[in-house]
Amino acid sequence: MISISQEEIMQNWSIKNTETPLVSVRCITYNHEPYIAQVIDGFLMQKTNFPFEVVIHDDVSTDKTAEIIREYEKKYPLIIKPIYQTENQYSKGNGSVTKVINQKLKGKYIAFL
């Protein structure tokens with residue numbers, strides 16, 4: 001986990017309102033324990049002058065992916081906005097993963113990752 005604080009990330013934002021971010025980063029994950037911290041760090045290291053949010057959909061990972069996301073959620077509660085499922089949505093094959101995450105995105109622009 002990077003050492004930068006939430007306040008340091010937000011200090012250059014021209015608008016401090018996290019309820020209306022300019023960009024929503026859309027991230028869907030399942031069993032990405034070896035990589036998820038590096039991915040989230042990459043999002044958080046971006047230097048912007050606008051508010052952004054990171055919406056991470058964990059589809060009931062069976063490894064420690066959700067646990068890692070929870071650590072970031074605690075440290076960056078205004079930026080990291082997780083969705084934790086209790087039943088795997090992708091396996092249903094009905095597009096519910098996309099529907100669930102898209103409903104949570106607040107940004108004017110969406111970064112699909």
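Along the sequence shown, residues carry numbers from 1. Side-chain atoms are counted along with the backbone in the values below, which use heavy atoms only and exclude waters and symmetry mates.
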Who pairs with [X] by side-chain hydrogen bond (donor to acceptor under 3.5 Å, both in side chains), at least two apart in sequence or on another chain?
| X | result |
| --- | --- |
| E33 | none |
| Y76 | none |
| T48 | W13 |
| T62 | N31 |

Notebook entry, point to check: So do the side chains of V97 and H57 get within less than 4.5 Å of each other, counting heavy atoms only?
Noted result: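 Yes, their side chains come closer than 4.5 Å.
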Check: Side chains of F50 and V23: does their closest heavy-atom pair fall under 4.5 Å?
Finding: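 F50 vs V23: side chains touch.
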Closest non-hydrogen atom pair between [X] and [Y], with its separation:
| X | Y | value |
| --- | --- | --- |
| I68 | A37 | CG2-CB, 4.1 Å |
| P82 | I69 | CB-CG2, 3.7 Å |
| Y84 | A66 | CE2-O, 3.9 Å |

Measure the [atom1]-[atom2] distance between [X] and [Y] for me, rounded to the nearest 0.5 Å.
| X | Y | atom1 | atom2 | answer |
| --- | --- | --- | --- | --- |
| I83 | T29 | CD1 | OG1 | 12.5 Å |
| H32 | D59 | NE2 | CG | 11.0 Å |
| M10 | I4 | CE | CD1 | 12.0 Å |
| D58 | I36 | CG | CD1 | 8.0 Å |
| Q6 | I80 | CD | CD1 | 9.0 Å |
| K75 | I40 | NZ | CD1 | 12.0 Å |

In one Ile/Leu/Val/Met/Phe/Trp/Tyr side-chain cluster, 4.5 Å: [X], [Y]:
| X | Y | result |
| --- | --- | --- |
| L78 | I56 | yes |
| L22 | F43 | yes |
| V54 | I15 | no |

Margin query: What verdict does the side chain to side chain contact (heavy atoms under 4.5 Å, CB included) test give for E73 and R70, after you've listed the backbone C-alpha separation in whole Å, the side-chain angles of each residue and the deciding distance to 0.1 Å?
Written below: CA-CA 5 Å; E73 177 186 15; R70 281 186 179 90; 4.0 Å; yes
Checklist line | Q38 atom CD: more than 12 heavy-atom contacts under 6.0 Å | finding: no
Check: If you measure only the distance, is there a donor-acceptor pair under 3.5 Å linking the side chains of Y72 and D41?
Finding: yes
Hey, can you pull the donor-acceptor pairs under 3.5 Å for the side chains in residues 100-113, sequence neighbours left out?
unit_1: N102; atom_1: OD1; unit_2: R26; atom_2: NE; d: 3.0
unit_1: N102; atom_1: ND2; unit_2: T98; atom_2: O; d: 3.4
unit_1: K106; atom_1: NZ; unit_2: E19; atom_2: OE1; d: 2.9

Next item on the list: Output every pair passing salt bridge (charged side-chain N to carboxylate O under 4.0 Å, His left out) with a member in residues 77-87, not counting sequence neighbours, ordered by first then second residue.
Entry: E53-K81, E87-K92
